[in-house]
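Heads up: the structure comes next, in structure tokens.
Below, chains carry the letters A, B, ... as their sequence lines are ordered, and counting in each starts from 1.
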There are 2 protein chains.
Amino acid sequence: MTRPARRITSTDVARAAGVSRTTVSVVLNDAPGQSIPEETRRRVMEAAERLGYRPHAWARALRAGRSDVALLAVPDLPIGSSISRFIEELATALAAFNLTLVTHLEGAHGRSLPDVCASVGASAVIGFYPFDADTVQALRRAGATVVLPLPYEDSSMQQVGRMQAGHLISRGHRRIGYALTADAALRPMADDRLRGVAGACAQAGLEPPVALTVGLQVPEAAQAVRRWTEQSVTGVCAFNDDTAIAVLAGIHEQGLRSPTDLAVIGADDIPTAQVAIPPLTTVVFDLHEIARDHAESVVAGLSGTQPRSTPASFNPRVIQRAST
Amino acid sequence: MTRPARRITSTDVARAAGVSRTTVSVVLNDAPGQSIPEETRRRVMEAAERLGYRPHAWARALRAGRSDVALLAVPDLPIGSSISRFIEELATALAAFNLTLVTHLEGAHGRSLPDVCASVGASAVIGFYPFDADTVQALRRAGATVVLPLPYEDSSMQQVGRMQAGHLISRGHRRIGYALTADAALRPMADDRLRGVAGACAQAGLEPPVALTVGLQVPEAAQAVRRWTEQSVTGVCAFNDDTAIAVLAGIHEQGLRSPTDLAVIGADDIPTAQVAIPPLTTVVFDLHEIARDHAESVVAGLSGTQPRSTPASFNPRVIQRAST
DNA sequence: CTGAAAGCGCTAACAA
DNA sequence: TTGTTAGCGCTTTCAG
């Protein structure tokens, strides 16, 4: 298990190829302006290949002053499939620039973000929420040259809410409800989405949405449903699909039906949304573009270039199913 | 944005405290056997604190020959809340040993695991599935001294299946169905759980479970339900809660009821399980203990000690709700 | 009790 | 065209 297996260093390759370490370095890094005879080059490549040589990341980073590691700080909230897809997209986009993405789950008891940043020697740190000034400073001290909060909490989230409300309104609903999550960690995002809903209502000349908190418990959801129907709400925007599914359960519990008695629209399109009873209408958005956009910002930041300010096309849209 | 902000090195601290780099190192690392006068010690600490000094991880690792980074390779499967909770537990457990956990999502287009391992200079690599020999070798070459697949696919997973089947059998079901996931990435785990179910059936003298693949689509689930009822199956164990909820949808679609016509038991207790229609009986297990156990194996591996072979108490149990 | 020096593996100047 | 040297920041002998 613990076979030490001495690392293969550039010295080994040099010896095997009968050249100096420098030459190895030059060949393997394709150093510009250097002309190495094809024969030598081939010998070096072959030796490196045969020995399974890998440049030692720490040494390289130490020398270069920066690493190719980017760190994504994921908050301690339920990671939906949309987030994991986003991470993958981001990793792919960064890989195209020779950057390696690793993620850190920010838990209450784990290591602090700056610690992790220092440990892996990340050059860039990407977060889902704005970092406070102290954290930013700590991250810089820990070696990060780029600190980039995803603008996840701003208008993009509001757009989701606007889209949900717009959908209900376009289907004739005139009194809108909003189902807030009971999860405190998600609350800021929920508030943001709610603002979007409120905006759309105002714009359509409707009264503000009736916002209620809905936990993931049937009785609680049922009570919310009762209150909505009492106030003649006919359509509910839920913070996310989890909450939406709870609302559907509440409707069922009350012996009512969706969408006849109360229409429901969720957000995120989690896998079980399509097998909810009834299948859940929901809002999705493209993480692909936004990921690529952030990768570019990171690269721009690292190379000192100004990031181009073209905003990513977020492209939120409604997936129509039976619940509305 | 890109303020270079020269790093604070131990030289800076030494100068500020009026001592040598060695002394700084000795003080900050609590080097054993060295006795530093309290006064000097205090001066060093104070200077380090004031300057916000952080030892440079790369240099330290380069010198020491190993880093404090552990890398968790998460397969490209939907990260459910149970997995993310597990990651958090593992990170916490490792942090107790001064190890830093970061995770890498293995995507098709991203960087290869050995690449990531090399980039972050991980000393330990933990995976959800057994690595093939080539990968293991590549990881060793990349600097990992410990390569530890989580025994996630072995008996623990089978236990989950056994538990599910046991629950149904104890409630009088004599013909058991199994709902396999349609997600290829999850299939090995599903097969393992199925083996557990089959074992329990055999032990009870029942026929083998009727295994069908159930995707997250209502018509597909409905068809599976039809086939089960045709074969007089009365209780179904689902690979996980997502699949179980699809089965519930299929039952509903057929105009049947759970548990009267067909009982369903899931696994993992995802948030929406309790608001499924009807609320879903499911099997949960403690990730806490298993995470701690793995952290210990990693530490043991790194320090050359033999890992103690006490198996983690996995503690799977049934959460009884309305669907069985 | 403290400091000087060596060296981890790498690469960028500079010399040959 | 290739090799020699220096140094990134750290820790760890070994002298003083």
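If you take CZ of B:Arg42 and P of C:dC1, they are 17 Å apart, rounded to a whole angstrom. Put simply, CG on A:Leu28 is 16 Å from C1' on C:dA12, counting in whole angstrom units. Following rounding to the nearest Å, A:Ile8 (CD1) and C:dC8 (P) show an atom-to-atom distance of 16 Å. With rounding to whole Å, B:Arg66 atom CZ is found 14 Å from C:dC8 atom C1'. The distance from atom CH2 of B:Trp58 to atom P of D:dC10 is 12 Å, rounded to the nearest whole Å. Atom CZ in B:Arg15 sits about 19 Å away from atom P in C:dT2, given to the nearest Å. Protein atom CZ of B:Arg41 is 11 Å distant from nucleotide atom P of C:dT2, rounded to whole Å.
The local environment of CZ in B:Arg54 is crowded, with over 12 non-hydrogen atoms from other residues, nucleotides or ligands closer than 6.0 Å. More than 12 heavy atoms of other shown residues, nucleotides or ligands fall within 6.0 angstrom of atom CZ in B:Arg43.
Overall, the helix from C:dC1-D:dG16 to C:dA16-D:dT1 carries an axis bend of 50° between its ends, with five pairs at each end and the value rounded to 10°.
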- [ ] Go through A:Asp68 and B:Arg111 one step at a time and tell me if the salt bridge (Lys or Arg N to Asp or Glu O under 4.0 Å) criterion holds.
- [x] CA-CA 12 Å; A:Asp68 67 341; B:Arg111 214 134 246 240; 3.6 Å; yes
Task: B:Asp183 and B:Arg187: CA distance, side-chain angles, deciding distance, salt bridge (Lys or Arg N to Asp or Glu O under 4.0 Å) verdict - done: CA-CA 6 Å; B:Asp183 187 327; B:Arg187 201 50 178 271; over 6 Å; no
Open item on the list: Could you walk me through whether B:Arg50 and B:Glu46 satisfy the salt bridge (Lys or Arg N to Asp or Glu O under 4.0 Å) test, starting with their C-alpha distance in whole Å, then the side-chain angles of each, then the deciding distance to 0.1 Å, before giving a yes or no?
Closed with: CA-CA 6 Å; B:Arg50 186 161 45 81; B:Glu46 194 270 336; 3.5 Å; yes
Open item on the list: With salt bridge (Lys or Arg N to Asp or Glu O under 4.0 Å) as the criterion, how do A:Arg85 and A:Asp286 come out once you've worked through the C-alpha distance, each side chain's angles and the decisive distance to 0.1 Å?
Closed with: CA-CA 10 Å; A:Arg85 226 168 54 225; A:Asp286 286 338; over 6 Å; no
Pairs under 3.5 Å (N/O, protein and nucleotides 5-8 of chain D):
from, atom 1, to, atom 2, distance (Å)
D:dG7, N2, A:Arg63, NH1, 3.1

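Contact check, B:Arg60 against D:dT11: a side-chain N or O comes under 4.0 Å of OP1 or OP2. Considering only side-chain N and O atoms, A:Tyr53 lies nowhere under 4.0 angstrom from the phosphate OP1 or OP2 of C:dG9. Between B:Ser10 and the phosphate of D:dG9, there is no side-chain N or O to OP1/OP2 separation shorter than 4.0 Å. The side chain of A:Thr40 contributes no N or O atom lying less than 4.0 Å from OP1 or OP2 of D:dT1.
Side-chain contact between A:His104 and A:Leu71 is present, with at least one heavy-atom pair separated by less than 4.5 Å.
Partner of B:Val102 under the side-chain contact (heavy atoms from CB on, under 4.5 Å) criterion, out of A:Leu105, A:Val102, A:Val69: A:Val102 alone.
Across D:dT11, C:dG3, C:dT11, the shortest atom-to-atom separation from the side chain of B:Ser25 is found for D:dT11.
A pairwise comparison of heavy atoms in B:Ile8 and B:Gly52 identifies CD1-O, 4.4 Å as the closest pair.
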